[in-house]
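Report on the following structure.
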Protein chains: 2
Amino acid sequence: MTQNELSPNPIKLIGLANRSFARIVDGPLRELGFAIGQLPVLVALKKHRALPQAELVRLARVEQSSMAQLLNRMERDGLVRRVPDPNDKRSRLISLTVRAEQQLPKGKAVMDQAGKVALAGFTAADLELLMALLLRMNTNLDQAIDALTGTGANAGPAA
Amino acid sequence: MTQNELSPNPIKLIGLANRSFARIVDGPLRELGFAIGQLPVLVALKKHRALPQAELVRLARVEQSSMAQLLNRMERDGLVRRVPDPNDKRSRLISLTVRAEQQLPKGKAVMDQAGKVALAGFTAADLELLMALLLRMNTNLDQAIDALTGTGANAGPAA
DNA sequence: CCGATATATATAGTCTGCTATATAGAAACA
DNA sequence: TGTTTCTATATAGCAGACTATATATATCGG
């Protein structure tokens, strides 16, 4: 009973779901002047007013260099500003522009709508179960990455 | 009880799992001369001997342009060959090089090992459940994409 | 106060994937 | 047969993510 393909792992389904979701929101977000990777940053900034890059890195769970580039694009597109941090000359505080703040609710609506589409037919229990299973997977993966990178930076507060 | 963040969707967890998995296999695959996106293509070619690009597109579920670029890199790295299809001058048949074929088992082992790590502590039932839930999500997403792209190309044979 | 180490960002280079568009050749059909 | 349409690839240009590395500034230990 050895299955076909590259192991019957859920990884393929996970990758596919991820790409499909991105494709679905891409157009609508683009019309709003947003891109998918920006939403978590925008939401975090809306809630916290102004944050240093390092904090966004923690919230979005991406590498520092990825965030730096993302912010470069967002700044270029007029979504965020970076102002020098008076308390630390290495750092700059990131904040939303008015335009970004005004458009954000529509962007969130796009994401939520796509989320609903993805979960059509799911009961609350189905969803909970899925989240729990994914959480377990992520915990496993985080551990493996911690082992690789040496740092114990992951597995932070349940978020 | 409105939750925090961008909806409590599993999308975040899915994206994170995807990236984490990729990070884990990246190094080992690189040492073998492979990259993560190539594995599905390599496996398909090993099984079918020689295939046109269009078939790989279907198997890997990526856009045609993505596959074309992936194959460009694989050809550049000496993993595949593209020979003119005698029956159709528009097309080229893709096949593995000897080197790729020899290294492939090690690459598969890396993927399988990472899959096991990801699923540590999962019972067979857990895994089945996870796969079933992800499959349902993907079905929903495929439908949404079909609606967008007009074509009814997705939702193919259960695979 | 000074040198060593740590921290906050930035940049270079690469991979994967997408959308949009271009081309060559095959197929249909008038 | 000739023209239109479809099909198989290719290319351009961009987003997002990663690794590796560079830079500037803070902090610590003496």
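Computed from a prediction, not measured in an experiment: that's the story for all the values here. Naming: A, B, ... by sequence-line order, numbering from 1 per chain.
Of all heavy-atom pairs between B:L39 and B:M111, the closest is CG-CG, 3.9 Å.
In this structure, A:L93 belongs to a hydrophobic cluster whose other members, linked by side-chain heavy atoms under 4.5 Å apart, are A:V83. Residues near B:V98 contribute nothing to a hydrophobic cluster around it, because no ILVMFWY side-chain heavy atom sits closer than 4.5 Å to its side chain.
With sequence neighbours left out, the side chain to side chain contact (heavy atoms under 4.5 Å, CB included) criterion links B:L133 to A:F122, A:D126, A:L129, A:L130, A:L133, B:L129, B:R136. Considering only residues two or more places apart in sequence or on other chains, A:S65 meets the side chain to side chain contact (heavy atoms under 4.5 Å, CB included) condition with A:E63. For A:K89, there are no side chain to side chain contact (heavy atoms under 4.5 Å, CB included) partners two or more places apart in sequence or in a different chain. Partners of A:Q38 by side chain to side chain contact (heavy atoms under 4.5 Å, CB included), not counting sequence neighbours, listed by chain and number: A:F34, A:A35, A:L42, A:L70, A:M74, A:D77, A:L79. Qualifying salt bridge (charged side-chain N to carboxylate O under 4.0 Å, His left out) partners for A:R30, counting only residues two or more places apart in sequence or in other chains: A:D26. Checked against salt bridge (charged side-chain N to carboxylate O under 4.0 Å, His left out), B:E128 has no partners two or more places apart in sequence or in another chain.
At a threshold of 4.0 angstrom between heavy atoms, the contacts of A:A35 are confined to the sugar-phosphate backbone, with no base atom among them. Across all strands shown, A:A68 has heavy atoms under 4.0 Å from base atoms, whether or not it also approaches the sugar-phosphate. Among the atoms of the strands shown, only primed sugar atoms or phosphate atoms (P, OP1, OP2) are found under 4.0 Å from some heavy atom of B:R92.
The separation between B:L56 atom CG and D:dA8 atom C1' is 13 Å, rounded to whole Å. A straight line from CD1 of A:I94 to P of C:dA8 spans 13 Å, rounded to a whole angstrom. If you measure from atom NZ of B:K12 to atom C1' of D:dG16, you get 16 Å, rounded to the nearest angstrom. Distance, B:R76 CZ to C:dT16 C1': 12 Å, rounded to whole Å. At whole-Å resolution of the value, CG in B:L29 and C1' in C:dT16 are 14 Å apart. Between the CG atom of A:D85 and the P atom of D:dT25 there is a distance of 13 Å, given to the nearest Å. Look at CG on A:N18: it is 11 Å from C1' on D:dG16, rounded to the nearest Å. Separating the CD atom of B:E55 from the P atom of D:dT7 is a distance of 15 Å, rounded to the nearest angstrom.
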(request) Could you encode protein contacts along nucleotides 18-23 of chain C as a string, one character per nucleotide from 5' to 3', using B for base contact, S for sugar-phosphate-only contact and - for no contact, with a heavy-atom cut-off of under 4.0 Å? (result) BBB---
Could you pull out every donor-acceptor pair under 3.5 Å between side chains of residues 52-60 of chain A and any protein atom, sequence neighbours left out?
residue: A:Q53; atom: OE1; partner: A:Q64; partner atom: NE2; Å: 3.4
residue: A:E55; atom: OE1; partner: A:R58; partner atom: NE; Å: 3.3
residue: A:E55; atom: OE1; partner: A:R58; partner atom: NH2; Å: 3.1

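Under a 4.0 Å N-O distance rule, the pair A:R82/A:E75 qualifies as a salt bridge.
Using a 4.0 Å cut-off on heavy atoms, none of the residues of residues 95-103 of chain B approach DNA chain D.
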Tabulate atom names and distances for all N/O pairs under 3.5 angstrom spanning the protein and nucleotides 26-28 of chain C.
residue: C:dA26; atom: OP1; partner: B:K89; partner atom: N; Å: 3.3

